[in-house]
2 protein chains.
Amino acid sequence: MNAPSRRKFRREGEERRRQDLIDATLDSVAEHGLEGATVRTIALRAGVTAGLIRHYFPGKEDLLREAYAALMGRMTEQAKAALLMEDASPRRRLAAFVTANLNAPIIDQRVFSLWATFIGRAGADPALARAHREGYLGFRNEVEAVVAEVLAAERRKPDASELRHHAIAINAIIDGLWIEGCLAGEMFSPGELAAIGIKAIEAELGLAPEKQFQEK
Amino acid sequence: MNAPSRRKFRREGEERRRQDLIDATLDSVAEHGLEGATVRTIALRAGVTAGLIRHYFPGKEDLLREAYAALMGRMTEQAKAALLMEDASPRRRLAAFVTANLNAPIIDQRVFSLWATFIGRAGADPALARAHREGYLGFRNEVEAVVAEVLAAERRKPDASELRHHAIAINAIIDGLWIEGCLAGEMFSPGELAAIGIKAIEAELGLAPEKQFQEK
DNA sequence: AGGCTATTTATACACTTGCACAACAACGCC
DNA sequence: GGCGTTGTTGTGCAAGTGTATAAATAGCCT
């Protein structure tokens, strides 16, 4: 009796454990910030003990880096997925892209908290700044490509500088509305942000209102 | 000889010391994040010893709260200051407002780092979320007021909902471009962001290009 | 069934953290 | 000029930090 009573455990596959630890890290950061994301908190959340982290990651910093990379990957992946409707008109695709970016699950307070917490350290951490830069430029290039298609369909031939300015402005509109939605989502009715975004972007591009909204 | 050699110090006025400690806190957070802002780091930066912090603030949390309040105060104060040109036309005032918000010192990586670091915790800290909400609504109301003036000068009578949507969109444009500028300022030539912002906002409001840019 | 090995736990350690408290000394007041 | 007030320092402490390492055991292979 009064056995040493060591904790029971199961062995998991390496990839599974790494993902669990990364998810637990993101959860911890979202809930308590970077300061509250201690190895013990993370391990507890992942259902393991703290020592195990060092078996999968060289150190805590590496775990945080991989967690941030995973977050960015998921965000850009979701964002770009909305552009895959091949059969629609460029204008519809752009609208769908905006709509996807201004509704759940991309409008999400938890994701925003994570983004803000990590990006706040971009000024001090060059690796983090570079990761952001790449994600941002990738996103903006996607926007620029769709804008080019939209304008081409309207028989307009913008030069490179014009195109770039449109992409910067549209990116800003989406980012700005995304923040407003994440921070004060309940102040907007469903679909309102997307409607505002689409109208603003079409104004930026000088597009006439869609035919369906005009009198026949 | 080998006297105890206690550190020399000067007594400062209460307000001065509090401000120094708050500034040192913001510097520490900007440089090392919330995790790196320890009482010892902050005190060292302020040129005092750690114990003094407890003489001016009940605890570290209170110091952080006051530092965030000070940051928000300075940001909104600077932003609104650009609207004070009484003698200019509404349209010029709006343009000046945008220009002021999209150049130094408001476009600033350090300020952005601080904003992101603090706002990242808004999801978990209700007091912080409320502080943000108030600042945001105040800013948006300013925007809405100028927009109303601009449209009135154009003899247009927007209803409340229309006005609100314009304010939301314009706020998003400014915020989005602000972020782009803070995070990748060197990718834009001086004044470029402001020009993009003004064009996007005038498009949103359906304003014709200014007369000075049209052929006479 | 029984051992092998790598995953997992548990413990230890040096260091940092926020905070408490007593000693001290700078400055105003008489 | 001495003296009291109190701003300021220095030290101490318990709790928590990341990491190192040894001990244990779960699950695969034969």
Side-chain angles (χ1 to χ4, degrees), chain A residues 1-29 31-68 117 121 124-125, chain B residues 2-29 31-68 117 121 125:
Chain A
M1 53 200 72
N2 103 8
S5 157
R6 200 185 173 89
R7 173 178 174 158
K8 293 285 187 287
F9 62 90
R10 279 200 330 144
R11 296 186 152 191
E12 292 285 357
E14 163 157 357
E15 269 322 301
R16 171 67 186 277
R17 268 280 190 261
R18 294 178 70 90
Q19 269 310 313
D20 284 352
L21 286 172
I22 285 176
D23 288 340
T25 303
L26 291 177
D27 283 342
S28 299
V29 173
E31 197 160 328
H32 305 108
L34 273 176
E35 35 169 357
T38 73
V39 289
R40 285 169 179 82
T41 304
I42 294 169
L44 181 68
R45 216 175 192 113
V48 296
T49 52
L52 191 59
I53 287 180
R54 291 265 312 162
H55 191 259
Y56 286 103
F57 301 92
K60 188 197 171 190
E61 288 304 314
D62 303 82
L63 173 56
L64 284 174
R65 243 192 298 281
E66 291 207 28
Y68 177 68
T117 302
R121 295 200 35 121
D125 186 337
Chain B
N2 99 10
S5 156
R6 201 181 171 89
R7 173 178 174 161
K8 293 286 187 288
F9 63 91
R10 279 200 330 145
R11 293 187 154 189
E12 292 284 356
E14 163 157 355
E15 269 323 300
R16 170 66 185 276
R17 268 279 189 261
R18 292 178 74 90
Q19 268 311 314
D20 283 353
L21 285 172
I22 285 176
D23 287 341
T25 302
L26 291 177
D27 283 342
S28 298
V29 173
E31 197 159 330
H32 304 108
L34 272 176
E35 36 170 355
T38 72
V39 288
R40 285 169 178 82
T41 304
I42 294 169
L44 182 68
R45 217 174 190 115
V48 297
T49 53
L52 190 60
I53 287 181
R54 288 268 308 163
H55 192 260
Y56 286 104
F57 300 92
K60 187 196 170 190
E61 288 305 313
D62 303 83
L63 173 54
L64 284 175
R65 241 191 298 282
E66 291 208 26
Y68 176 69
T117 302
R121 297 202 35 123
D125 185 338

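All values reported here derive from a predicted model rather than from experimental measurement.
Between the CZ atom of A:Arg7 and the P atom of D:dA26 there is a distance of 13 Å, given to the nearest Å. Atom CZ of A:Arg17 and atom C1' of C:dA6 are 13 Å apart (whole Å). One can place CZ of B:Phe9 at 8 Å from P of C:dC27, the figure rounded to the nearest angstrom. Atom pair A:Glu61:CD and D:dT17:P shows a separation of 15 Å (rounding to whole Å applied). Taking atom CD1 of A:Ile53 as the reference point, atom C1' of D:dG18 lies 10 Å away to the nearest angstrom. Nucleotide C:dA10 holds its P atom 10 Å from the NZ atom of A:Lys8, rounded to whole Å. In this structure, the CG atom of B:Leu64 is 9 Å from the P atom of C:dG18, given to the nearest Å. Between B:Glu35 atom CD and D:dG16 atom P the separation is 18 Å, expressed in whole Å.
Applying the 4.0 Å criterion to OP1 and OP2 of D:dG7, one finds that B:His55 has a side-chain N or O inside that range. Contact annotation: B:Arg11 does not reach the phosphate of C:dC27 (side-chain N/O to OP1 or OP2, under 4.0 Å).
For A:Val48 and B:Ala37, each mapped to the nucleotide of DNA chain C holding its nearest heavy atom, the one lying further toward the 5' end belongs to A:Val48. Taking for each of A:Arg10 and B:Gly59 the nucleotide of DNA chain C with the nearest heavy atom, the 5'-most of the two is the partner of A:Arg10. Mapping A:Pro58 and A:Thr41 onto DNA chain D by nearest heavy atom places A:Thr41 at the nucleotide closer to the 5' end.
Note on B:Tyr56: only backbone sugar-phosphate atoms sit closer than 4.0 angstrom, heavy atoms only; bases stay farther off. Nucleic acid contact class of A:Thr49 (heavy atoms, under 4.0 Å, all strands): base. Residue-level contact check: A:Glu14 touches neither bases nor backbone, having no heavy atom under 4.0 Å from any strand. Within the nucleic acid shown, A:Arg40 comes within 4.0 Å of at least one base atom, counting heavy atoms only.
Here the CG-CZ distance, from B:Leu64 to B:Phe57, works out to 10.0 Å after rounding to the nearest 0.5 Å. In this structure, NE2 on B:His32 lies 10.5 Å from CG on B:Asp27, to the nearest 0.5 angstrom. Put simply, OG1 on B:Thr25 and CG on B:Leu34 are 10.5 Å apart, with the number rounded to the nearest 0.5 Å. From B:Arg18, atom CZ reaches atom CD1 of B:Ile53 across 12.0 Å, with rounding to the nearest 0.5 Å.
Between D:dT8, D:dA24, D:dT17, one nucleotide has an atom nearer to the side chain of A:Arg6 than all others, and that is D:dA24.
Checking each of B:Arg7, B:Glu12, B:Arg17 against B:Val48 for a side-chain contact (heavy atoms from CB on, under 4.5 Å) leaves exactly one that passes, namely B:Arg17.
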